[in-house]
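This report refers to the structure that appears directly beneath it.
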2 protein chains.
Amino acid sequence: MAVELNTAEALKLWHDTHLELVRDTEPDLSARQVTILLTVYLEPPPHTVRGLATKLGVTKPVITRALDSMGRLNLVNRKRDPSDRRNVLVQRTVKGSLFVERLADTVCQRAANLRAVIA
Amino acid sequence: MAVELNTAEALKLWHDTHLELVRDTEPDLSARQVTILLTVYLEPPPHTVRGLATKLGVTKPVITRALDSMGRLNLVNRKRDPSDRRNVLVQRTVKGSLFVERLADTVCQRAANLRAVIA
DNA sequence: TTAGAATGATACGGCTCCGTAACGACTGAC
DNA sequence: GTCAGTCGTTACGGAGCCGTATCATTCTAA
């Protein structure tokens, strides 16, 4: 459970994980898209466009467009809030869950390799 | 020195760091650009366009364009190899060093916060 | 010296994303 | 019933990156 990274380790982890993601043929998500996706999957619902925009410090169209593209990839889903039909609730999907899980695996693996190299 | 991340910690670290980067007004680098930048700053020179392209598994124009844009930001520098003038050597810059250092700080800080939350 | 290989840069059309400004749908208070 | 306020979306022009194909320069070997 101990999480301690010195400067060199942090950079190597960041580099190695990004390299892995770039090499994969997966669809490359932008930093904003990653942040939105992980927010939806890590924090408790509900997630609205406005809420996400405020949290990320960006404008609403940025969120709408990110949801468009990630929705096209089936990573997230949109649904109108029945209790207030102005709101849109961002929901998780099976494919999104798998994607996030894979991302976690990659980071964990690179962190483990990090220690292996040092040892 | 211990680096052990479970799934939830890895995702939280990835999310929190990306959130911090998105919130910053900094120029957002793509995953490819990050990988190139960190490769140049972490691995021993020389770094050529072809070498970077092979390492990342992308085509040469991708590297050229990334160097164009990061050069515009003064994060890296290009120099002809005097011993073989076909080659271009990618060099570090002061501003790039500061940028990388800042990135490391962000990752380290988020990793530390990670433990603080768990404790 | 010259033909071939190798390097990085460029041209092109296409796609995605950006920020600002508008828009229609919906709610709630009067 | 109406109207101001809120929600998410769309429109628009502009900028950046993509992949493929091609280019000029440089080196190497016959």
Side-chain angles (χ1 to χ4, degrees), chain A residues 18-19 21-37 39-40 45-91 99, chain B residues 18-19 21-40 45-92 99:
Chain A
H18 272 92
L19 178 57
L21 295 177
V22 166
R23 276 176 156 157
D24 273 7
T25 43
E26 308 216 1
D28 250 11
L29 298 188
S30 71
R32 289 173 172 191
Q33 289 171 333
V34 168
T35 309
I36 293 172
L37 187 69
T39 297
V40 170
H47 300 288
T48 64
V49 172
R50 173 163 185 75
L52 291 168
T54 302
K55 183 187 160 99
L56 270 68
V58 298
T59 59
K60 288 187 293 177
V62 168
I63 305 296
T64 295
R65 284 184 298 241
L67 294 180
D68 285 344
S69 49
M70 290 196 292
R72 244 175 276 133
L73 299 170
N74 294 314
L75 298 179
V76 294
N77 209 356
R78 265 188 277 215
K79 183 193 165 196
R80 279 283 166 192
D81 182 350
S83 74
D84 184 343
R85 293 184 47 73
R86 286 174 302 183
N87 288 329
V88 159
L89 305 178
V90 184
Q91 301 183 309
F99 184 94
Chain B
H18 272 92
L19 177 57
L21 295 177
V22 166
R23 276 176 154 157
D24 272 8
T25 43
E26 308 218 358
D28 249 12
L29 298 187
S30 72
R32 289 173 170 189
Q33 290 171 333
V34 168
T35 309
I36 294 171
L37 187 69
L38 290 186
T39 298
V40 169
H47 300 286
T48 65
V49 172
R50 174 163 185 74
L52 291 168
T54 302
K55 182 186 160 97
L56 269 68
V58 299
T59 59
K60 288 189 292 177
V62 168
I63 304 295
T64 295
R65 285 184 297 242
L67 294 179
D68 285 344
S69 49
M70 290 197 291
R72 243 174 277 134
L73 298 172
N74 294 313
L75 296 179
V76 294
N77 209 358
R78 266 187 275 216
K79 183 193 164 194
R80 280 282 165 193
D81 183 349
S83 73
D84 183 344
R85 294 186 45 74
R86 286 175 302 180
N87 288 330
V88 158
L89 305 178
V90 184
Q91 300 182 311
R92 303 165 191 173
F99 185 95

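Below, chains carry the letters A, B, ... as their sequence lines are ordered, and counting in each starts from 1. Side chains included, hydrogens not; waters and symmetry mates left out as well; all remaining heavy atoms used.
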Using a cut-off of strictly less than 4.0 Å, decide whether [X] has a side-chain nitrogen or oxygen near OP1 or OP2 of [N].
{"X": "Arg78(A)", "N": "dT9(D)", "result": "yes"}
{"X": "Gln33(A)", "N": "dC17(C)", "result": "yes"}
{"X": "Arg85(B)", "N": "dT25(D)", "result": "no"}
{"X": "Thr64(B)", "N": "dG8(C)", "result": "no"}
{"X": "Arg32(A)", "N": "dG19(C)", "result": "yes"}

Counting only side-chain heavy atoms from C-beta out, which of [options] sits nearest to [X]?
{"X": "Asn87(A)", "options": "dC17(C), dC7(D), dC18(D)", "answer": "dC7(D)"}
{"X": "Arg86(B)", "options": "dC27(D), dA9(C), dC17(C)", "answer": "dC27(D)"}
{"X": "Val88(A)", "options": "dT9(D), dT7(C), dT6(D)", "answer": "dT9(D)"}

Without decimals, in angstroms, what is the distance between [X] [atom1] and [N] [atom2]?
{"X": "Lys60(B)", "N": "dC17(D)", "atom1": "NZ", "atom2": "C1'", "result": "19 Å"}
{"X": "Leu67(B)", "N": "dG8(C)", "atom1": "CG", "atom2": "P", "result": "10 Å"}
{"X": "Leu89(B)", "N": "dT26(D)", "atom1": "CG", "atom2": "P", "result": "15 Å"}
{"X": "Leu56(B)", "N": "dG19(D)", "atom1": "CG", "atom2": "P", "result": "12 Å"}
{"X": "Asp81(A)", "N": "dG8(D)", "atom1": "CG", "atom2": "P", "result": "10 Å"}
{"X": "Asp68(A)", "N": "dT9(D)", "atom1": "CG", "atom2": "C1'", "result": "9 Å"}
{"X": "Met70(B)", "N": "dG16(D)", "atom1": "CE", "atom2": "C1'", "result": "14 Å"}
{"X": "Ile63(A)", "N": "dG19(C)", "atom1": "CD1", "atom2": "P", "result": "11 Å"}

Considering only heavy atoms from C-beta outward, does the side chain of Leu29(B) approach that of Leu75(B) to under 4.5 Å?
->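 Heavy-atom side-chain distance check passes, below 4.5 Å.
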Going by heavy atoms in the side chains, are Thr39(A) and Val90(A) under 4.5 Å from each other?
->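 Contact flag for Thr39(A)/Val90(A) side chains = no.
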For the pair Arg80(A) (side chain) and Leu89(A) (backbone), establish whether a donor and an acceptor sit closer than 3.5 Å, ignoring hydrogens and angles.
-> no
So how far is it from Asp68(A) CG to Ile63(A) CD1, rounded to the nearest 0.5 Å?
-> 11.5 Å
Touch class at under 4.0 angstrom, heavy-atom based, for Thr48(B) against every strand present |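 Here Thr48(B) touches the backbone only, sparing every base.
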Of Val49(A) and Arg65(B), the one whose closest nucleotide on DNA chain D sits nearer the 5' end is Val49(A)
Closest-nucleotide ordering on DNA chain D, the 5'-leading residue of Thr59(B) and Arg72(B) =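 Upstream on the strand: Arg72(B).
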Evaluate whether atom CZ of Arg50(B) has more than 12 neighbouring non-hydrogen atoms of other residues, nucleotides or ligands under 6.0 angstrom away.
-> no
Ser69(A) or Arg80(B): which one's nearest nucleotide on DNA chain C is closer to the 5' end?
->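 Upstream on the strand: Arg80(B).
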